[in-house]
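Presented below is the structure to which this report refers.
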Protein chains: 4
Amino acid sequence: MEEKRDRKIQIVVGALKLFAEKGYYRSTIPDIAGSLGMSSGNLYNYFHSKEELAQEAIRYISSYLAIRIREVNESKKSSREKIEDIVRIYFETARDEPQMIDFFLRVYLSNREVFSDGCEGMVCVNEFITEIMIFFEEGVANEELRNQDFFTAFGLFMGYLGGMVFLYGERMLPKALESYIEDISENIYRALGV
Amino acid sequence: MEEKRDRKIQIVVGALKLFAEKGYYRSTIPDIAGSLGMSSGNLYNYFHSKEELAQEAIRYISSYLAIRIREVNESKKSSREKIEDIVRIYFETARDEPQMIDFFLRVYLSNREVFSDGCEGMVCVNEFITEIMIFFEEGVANEELRNQDFFTAFGLFMGYLGGMVFLYGERMLPKALESYIEDISENIYRALGV
Amino acid sequence: MEEKRDRKIQIVVGALKLFAEKGYYRSTIPDIAGSLGMSSGNLYNYFHSKEELAQEAIRYISSYLAIRIREVNESKKSSREKIEDIVRIYFETARDEPQMIDFFLRVYLSNREVFSDGCEGMVCVNEFITEIMIFFEEGVANEELRNQDFFTAFGLFMGYLGGMVFLYGERMLPKALESYIEDISENIYRALGV
Amino acid sequence: MEEKRDRKIQIVVGALKLFAEKGYYRSTIPDIAGSLGMSSGNLYNYFHSKEELAQEAIRYISSYLAIRIREVNESKKSSREKIEDIVRIYFETARDEPQMIDFFLRVYLSNREVFSDGCEGMVCVNEFITEIMIFFEEGVANEELRNQDFFTAFGLFMGYLGGMVFLYGERMLPKALESYIEDISENIYRALGV
DNA sequence: GATGAATGAGCTTTCATTCAT
DNA sequence: AATGAATGAAAGCTCATTCAT
């Protein structure tokens, strides 16, 4: 039983990688199964459909990022420092596990029809959004961040990071992603701080 | 000959709309041709492939937005005011011609393989980026904007706007898109201003 | 346009033959297309699904038999003679166009799930049943047939003929099908006559 | 060993039910095994293939009906009464154990390819047919029934009953099946009697 | 005997593209 | 220019059967 759960996670991780590289529609079930050394028929013993696989993938990513941001939220740092921590987490993930961010940007955000049954609204990225919300609201409560509409702040933060990772993926950035952390964090703080 | 050029534009506009609504892989050539009242065979008299059609579409969008931003750049307004004008243009386009922004976010940014032969790097959105670059560099030259890495600024500006339109498209924003213009412009100015 | 209608009929006739020979689930779309010298992709330019093809087939058969029975109904013969004519039509069809009766017995009657959307109840065999009903009611009106429940009579008539054709198909009958016409008609008349 | 025989019968009974409900090709081995609370692998310890299972099912049904008809044959009743008894047995089975008759009509009669190796001709329904034959020949010997070709009589009897149960299954009969027993028996007797 | 993961062939259906008309 | 029938490769998914445990 435990084994089956482990295998499911292995499959999600493998599928995630392929989806992120080639997109949802260009990744075929035989591709995914093959990359895991299994037959495509067998894959259906673990997941009922390709869509379900993609939905599990986005849940996995949301959880992965949420765990790391939760640590930041639980620290005693200032909002300015927390911004930098979150930017770092995001960029390090983009560097070390690029499929995570790429899946998010290129599969989840773009192929909404794949997620419309089972991941309506933002239910499958809820964990992640919740942590960003906690970060923001604590900053406001501590009078370190301006009290503005959450989505206005959220759009800036996440749109910005997503945009940078996209430029990075397109090899449009002249320097390594990490070298932008300081400037970007400063820009975000200027926008959101009191 | 002139006629043929007009018909090509009509086709691009029609294809653009369908691609934006249903995504690249879910839009079929018969779909596109049908929505234009023509046969799929005939469509191939104007474009050699589905990819070419998508590439023309992104060029069209880039040009469409560039023209409007050029007007802003040519005005005598302050950078603070220009930011607001650009945000307004972007949001008004998202409201009145949603396919333009949606194609950009959901087709161009996500199905990179479609654009890898013919739109490498950013050549197909060059016109648009150039105008943003002009806006930024003039602001720096006038000492209204801080002199920072262009991509750091660009990522913030465009990532932010894209993020907001995405949230809007997902019906996650409680208010109309335009009502955020003021706050968002302020956030951008705080981040980029001197 | 007319051509397309003709081609559709050709396809129905071809599919009908295969379905009758091998059953619905053992007849594959490539089989059907191949037997008609066309590609399976092209078949979908004429019919939207395998089910639709089967439904058109039963409508075709129902119409084919109804036309022939209508001629009997329009004749001035006695009910006793009409019974014999109908039995003859049924058996001659079974001999000359065996796929018609076989499809009816082995596909339509047995794979009800295939017909549940679009041929609910008996709507796709309505034409045929209507003619049998006319035969019966006129016989009753003329006081040649006993006035009994229609289904009691219909079940006998059609169950009997179907049963004989089944035995014939299984090569269980020692003699040719036609040589039973006289005896069977007599049995039916004994059962239904006044 | 005796246990194994019992388990085999249980499996046949369970498979029979599923086959009758969903058809042969729509019933999967995991379905059948699952409905019996066993694994599909284990089912293969009892039967070598899906086909074998279906063949055992029809043998079981043939035997089930034969036993009941044998009782009728062994009674001292007239042919007219025996007809009514057989009709009643058939209809009561259709009501109380519908899978028996449904399997016969919808699986055995229709998917001949499944039975072509192992149940050629009528060998798997031999027991049942033999009893009907005994009924008929005794009736002829007693001069209660006309001396006609056995198949002519058999086709009427069984085709009729099968047709009525089919109409019943399609919910086309306005009344309960049993209420037709009297009329149908009368029709059969008129057809077959001296 | 019992399990269920694994296989792999085969299914229906889709669709970009071609080409005779 | 215009049509749409035709192709054929490939997709997602199913399932009887096997076999290591």
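Order of the sequence lines sets the chain letters (A, B, ...), proteins ahead of strands, with each chain counted from 1.
For F/dA16, the OP1/OP2 oxygens have no side-chain nitrogen or oxygen of D/Y25 closer than 4.0 Å. One finds no side-chain N or O of C/K4 lying less than 4.0 angstrom from the OP1 or OP2 phosphate oxygen of F/dG4. Considering only side-chain N and O atoms, A/Y44 lies under 4.0 angstrom from the phosphate OP1 or OP2 of F/dC13. Between E/dT3 and D/N42, a contact under 4.0 Å exists linking OP1 or OP2 to a side-chain N or O.
In this structure, F/dA1 forms no base pair with any nucleotide, since neither Watson-Crick nor G-U wobble geometry is met with both distances under 3.5 Å. Within the shown strands, F/dT7 is the pairing partner of E/dA16 under the Watson-Crick or G-U definition, both distances less than 3.5 Å.
D/Y46 comes within contact range of the sugar-phosphate backbone alone, with a heavy-atom separation under 4.0 Å but no base atom that close. Using a 4.0 Å heavy-atom distance criterion, A/S39 is classed as a base contact. Note on A/I29: only backbone sugar-phosphate atoms sit closer than 4.0 angstrom, heavy atoms only; bases stay farther off.
When the P atom of E/dC15 is taken as reference, atom CG of B/L53 falls 16 Å away, rounded to whole Å. In this structure, CG of C/L43 is placed 18 Å from P of F/dA9, rounded to the nearest angstrom. As rounded to whole Å, 14 Å separates atom C1' of E/dA2 from atom CG of D/L36. Summarising the geometry, the separation between CZ on A/R7 and C1' on E/dA6 is reported as 10 Å, rounded to the nearest angstrom. If you take CD1 of B/I32 and P of E/dC15, they are 11 Å apart, rounded to a whole angstrom. Residue A/F47 contributes atom CZ, which lies 16 Å from atom P of F/dG12 at whole-angstrom precision. Taking atom CE on C/M38 and atom P on F/dG8, their separation rounds to 13 Å, with Å as the unit. Rounded to whole Å, atom P of F/dC15 lies 15 Å from atom CZ of C/R26.
No close placement of the C/F103 and C/Y108 rings is indicated, their centers lying 6.0 Å or farther apart.
Place A/G37 and C/E51 on DNA chain E by their nearest nucleotides, and A/G37 ends up nearer the 5' end. Ranked by how close their nearest DNA chain F nucleotide is to the 5' end, D/H48 and A/P30 are led by A/P30. Position along DNA chain E of the nearest nucleotide to C/S49 versus B/T28 favours C/S49 as the more 5'-ward residue.
When each of E/dG1, E/dT13, E/dG4 is scored by its nearest atom to the side-chain atoms of C/K50, the top-ranked nucleotide is E/dT13. Of the candidate nucleotides F/dA5, E/dA16, E/dT12, F/dA5 has the atom nearest to the side chain of B/S40.
Summarising the geometry, atom CD belonging to D/E51 is positioned 6.5 Å from atom OG belonging to D/S116; distances are rounded to the nearest 0.5 Å. Here OH of C/Y60 is found 4.5 Å from CE of C/M100. Values are rounded to the nearest 0.5 Å.
With hydrogens and angles ignored, a donor-acceptor pair closer than 3.5 Å exists between the side chain of A/N45 and the base of E/dA6.
Between the side chains of A/R106 and A/Y24, no donor-acceptor pair of N or O atoms lies under 3.5 Å.
Summarising the local packing, NZ of A/K50 is surrounded by more than 12 heavy atoms from other residues, nucleotides or ligands at distances under 6.0 Å.
In this structure the side chain of C/V12 never reaches within 4.5 angstrom of the side chain of C/R59, judged on heavy atoms.
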